[in-house]
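Some notes on the structure that comes next.
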Number of protein chains: 2
Amino acid sequence: MGTTQLETVPEPKYWHLKTVISEALDSDFAVGEILPNERDLAARFGVARATLRQALEQLELEGRLQRRRGVGTTVAPPRMGVDVSTPRQGWPGAGQDAWQPIGCTTVLPPHSVARLLDAEDGEEAHTVRRLRLSQGQPLAAELLYVPLASVPARAVGDTPSGPARARSVLSELRRLPLEGQDRAVELGSARADDAKELDRLPGAPVLVVTTRYFSGGRTAAVSVATYRADTCRLTFGDFGNLEISHHGQQRQAS
Amino acid sequence: MGTTQLETVPEPKYWHLKTVISEALDSDFAVGEILPNERDLAARFGVARATLRQALEQLELEGRLQRRRGVGTTVAPPRMGVDVSTPRQGWPGAGQDAWQPIGCTTVLPPHSVARLLDAEDGEEAHTVRRLRLSQGQPLAAELLYVPLASVPARAVGDTPSGPARARSVLSELRRLPLEGQDRAVELGSARADDAKELDRLPGAPVLVVTTRYFSGGRTAAVSVATYRADTCRLTFGDFGNLEISHHGQQRQAS
DNA sequence: AAGTGGTCTAGACCACTTG
DNA sequence: AAGTGGTCTAGACCACTTA
């Protein structure tokens with residue numbers, strides 16, 4: 001009895017390390033500054049490099065650090081607020097939506113996407129590849145699946161599989177009446193091709209935004225957009241009848 | 001010359017492992033089934049346990065696996081779709097919003113929150129703790145900050161810091177005219193207290209949903225909700241003028 | 001060529017759950 | 001007490017960037 005529960009809770013070393021480094025980042029480092037290398041840091045804290053890395057990994061996950069192989073570890077700028085709301089319901093590519101078409105092929109969509117499309121099994125779909133940039137940095141990579149039932153192959157002609165064909169599919173899609181859409185956000189890890197576009201290593205944590213576009217009582221298109229989780233904060237500038245003036249500075253990365 | 005770039009791309013072992021295991025999960029395992037333990041698996045694949053763990057970690061990040069210390073590794077059910085849209089703009093706690101009040105204290109909000117609240121530095125705020133459950137499982141933990149400027153201390157009286165006080169603050173908050181809100185989603189790692197509520201280890205990946213509530217041209221409240229990233233897919237059942245009938249089965253976890 | 005972070009190993013011990 | 005995943009170590013080598 002009376003064995004009070006003090007002194008227990010042997011906090012893991014990497015967790016404590018994370019706290020220490022995090023506080024050091026706040027007080028002693030400026031954005032963009034480079035940290036000592038991992039071997040030095042590990043020695044300085046008297047831990048194995050693997051343990052030190054565990055702490056750095058979490059800090060990178062939280063967007064506090066940026067690590068680049070062959071270069072070093074730097075203090076990351078605050079995450080960018082990226083607007084993913086859909087002000088006036090619009091098809092992808094309508095108005096100026098910050099996405100840059102890269103290419104377009106016609107393939108059998110993966111199972112997970114086919115489930116979302118109201119498509120017969122084995123129906124092919126236009127697959128538009130787009131990239132979202134901000135200040136030259138890639139924020140997100142998107143695959144937009146448009147079943148042939150929504151935009152017949154003949155409508156886009158035989159334009160080769162480049163940006164031109166992508167734009168052609170998008171503009172055909174816009175001819176349909178858009179009846180609604182819904183959206184989901186979840187955590188994922190970057191596939192090899194997305195990682196390449198996003199300038200990250202495969203497996204990097206990403207926020208996957210899946211959007212379904214409805215037209216004619218069907219799912220006319222599905223977009224799977226992969227945002228860099230380290231640099232992006234997805235914002236939904238929802239409603240709000242009046243423009244609010246807040247001095248809360250939503251800092252954008254420079 | 002002629003050194004064609006075949007045979008290159010030495011895919012990391014853990015990445016290949018992940019693919020192999022992922023395919024095995026699809027074909028040979030049912031949801032809830034337990035996998036062999038890590039030492040056996042590592043031996044079976046002829047890799048060190050650390051390498052095997054790297055693959056399992058990614059699969060857990062993607063919501064494919066669930067690992068529990070002392071128990072084992074099981075095949076996770078598909079992620080739950082959790083609605084985080086705000087159909088008719090409403091204050092937290094209005095109608096039935098699936099959140100269960102736990103307690104309420106009055107503290108100085110952390111810096112990151114104070115920046116969002118249009119509050120003088122050093123102004124205290126009611127801090128309401130709420131939990132969101134689904135089928136008995138915790139999905140999310142929330143901290144709702146309500147500055148004293150929005151709900152004066154005298155309005156809630158001296159109810160002790162339990163659920164009753166939480167409900168009192170919420171109902172006072174609902175008396176204010178809600179003029180708008182905005183919302184952001186980003187990746188984070190669970191703080192110790194959130195981890196406990198969510199039945200996860202500290203540092204577990206979470207989706208952090210930050211909501212600002214505007215009233216009287218000010219930010220009247222800020223909510224920071226921490227969703228389990230492994231089990232949750234956040235859905236925004238945005239607009240959509242008609243109810244769509246899709247046979248795409250949005251499987252819910254049982 | 002030198003220096004960085006990324007991968008990998010083969011151990012050890014710890015914290016936790018269950019019988 | 002036995003078995004699980006979680007933490008930690010002290011090395012080694014690899015892939016990449018920069019000079």
Side-chain angles (χ1 to χ4, degrees), chain A residues 5 7-19 21 33-61 64-76 189-190 192 195-196 199-205 230, chain B residues 5 7-19 21 33-61 64-76 189-190 192 195-196 199-205 230:
Chain A
Q5 195 163 329
E7 330 241 346
T8 59
V9 199
E11 199 175 48
K13 276 190 187 177
Y14 79 90
W15 187 259
H16 182 238
L17 257 184
K18 187 187 132 178
T19 309
I21 297 176
E33 197 169 345
I34 61 179
L35 270 62
N37 72 52
E38 297 183 348
R39 291 162 180 87
D40 282 358
L41 278 178
R44 184 174 316 192
F45 288 114
V47 300
R49 182 154 81 110
T51 305
L52 185 269
R53 277 179 61 80
Q54 214 172 338
L56 296 187
E57 260 152 38
Q58 284 224 1
L59 289 169
E60 189 179 32
L61 197 79
R64 308 282 316 268
L65 292 179
Q66 187 165 353
R67 300 146 89 200
R68 273 172 305 173
R69 167 152 54 174
V71 180
T73 301
T74 58
V75 180
S189 56
K196 195 165 198 174
D199 195 23
R200 299 252 60 198
L201 289 178
D230 56 341
Chain B
Q5 195 165 329
E7 329 241 346
T8 59
V9 199
E11 199 175 48
K13 276 189 187 179
Y14 79 91
W15 187 259
H16 183 238
L17 257 184
K18 188 187 131 180
T19 309
I21 297 176
E33 198 169 346
I34 61 179
L35 270 62
N37 71 53
E38 297 182 347
R39 291 162 180 85
D40 282 358
L41 277 178
R44 185 173 314 191
F45 288 114
V47 299
R49 183 155 80 109
T51 305
L52 185 269
R53 277 179 61 79
Q54 214 173 338
L56 296 187
E57 260 151 39
Q58 284 225 1
L59 288 169
E60 189 179 32
L61 196 80
R64 308 283 315 269
L65 292 179
Q66 187 165 352
R67 300 146 88 200
R68 271 172 306 174
R69 168 153 51 176
V71 180
T73 301
T74 58
V75 180
S189 56
K196 195 166 198 172
D199 194 23
R200 300 253 59 199
L201 290 179
D230 56 341

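All chains are named by letter (A, B, ...) in the order of the sequence lines, taking the proteins before the strands, and each is independently numbered beginning at 1. In this text, all values refer to a predicted model and were calculated from it rather than measured experimentally. When reading the values below, keep in mind they use all heavy atoms of this one structure, side chains included, and skip hydrogens, waters and symmetry mates.
- Looking at Leu35(A) and Leu65(A), their side chains come closer than 4.5 Å, going by heavy atoms from C-beta outward.
- Taking only distance into account, the side chain of Arg39(B) never meets the base of dG3(D) through a donor-acceptor pair shorter than 3.5 Å.
- Within the 4.0 angstrom heavy-atom criterion, no nucleotide atom of any strand lies near Leu56(B).
- Across every strand in view, dG11(C) sits in a pair with dC8(D) that passes the Watson-Crick or G-U test at under 3.5 angstrom.
- Summarising the geometry, the separation between CG on Leu52(A) and P on dC8(D) is reported as 12 Å, rounded to the nearest angstrom.
- Closest to the Val47(A) side chain, of the nucleotides dT9(D), dC8(C), dT7(D), is dT9(D).
- The side chain of Asn37(A) places no N or O atom within less than 4.0 Å of a non-bridging phosphate oxygen (OP1 or OP2) of dG3(C).
- Applying the Watson-Crick and G-U wobble criteria (two distances, each under 3.5 Å), dC16(D) pairs with dG3(C).
- The separation between Arg53(B) atom CZ and dT9(C) atom C1' is 15 Å, rounded to whole Å.
- Place Val71(A) and Ala50(A) on DNA chain D by their nearest nucleotides, and Ala50(A) ends up nearer the 5' end.
- One can place CG of Leu35(B) at 12 Å from P of dT4(D), the figure rounded to the nearest angstrom.
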- Going through the distances and angles, do Val71(A) and Ile34(A) end up as a side chain to side chain contact (heavy atoms under 4.5 Å, CB included)? CA-CA 9 Å; Val71(A) 180; Ile34(A) 61 179; over 6 Å; no

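- With Gln58(A) as reference, Lys18(A) is the one residue of Lys18(A), Arg64(A), Arg53(A) to meet the side-chain hydrogen bond (donor to acceptor under 3.5 Å, both in side chains) rule.
- With rounding to whole Å, Leu201(A) atom CG is found 18 Å from dT4(C) atom P.
- Side chains of Phe45(B) and Ile21(B) form a contact here, defined as non-hydrogen atoms less than 4.5 Å apart.
- Phosphate contact (OP1/OP2 of dT4(C), side-chain N/O of Thr73(A), threshold under 4.0 Å): absent.
- Contact check, Thr51(B) against dT7(C): no side-chain N or O comes under 4.0 Å of OP1 or OP2.
- When all heavy atoms of Gly203(A) and Ser189(A) are compared, the pair lying nearest together is O-CB, 3.4 Å.
- Checking the phosphate oxygens (OP1, OP2) of dG11(C), no side-chain nitrogen or oxygen of Arg49(B) falls inside 4.0 Å.
- The CZ atom of Arg68(A) sits 15 Å away from the P atom of dC16(D) (whole-angstrom rounding).
- Across the protein-nucleic acid pair, Arg200(B) atom CZ and dG5(D) atom C1' stand 12 Å apart, rounded to whole Å.
- Listed nucleotides dT9(C), dC8(D), dG5(D) differ in distance to Lys13(B); the shortest reach to its side chain belongs to dT9(C).
- Comparing atom distances between the Arg69(B) side chain and each of dG5(C), dT9(D), dT4(D) picks out dT4(D) as nearest.
- Rounded to an integer number of Å, the gap from CD of Gln54(B) to P of dC8(C) is 6 Å.
- The interatomic distance linking Lys18(B) (NZ) with dT7(C) (C1') rounds to 16 Å, in whole Å.
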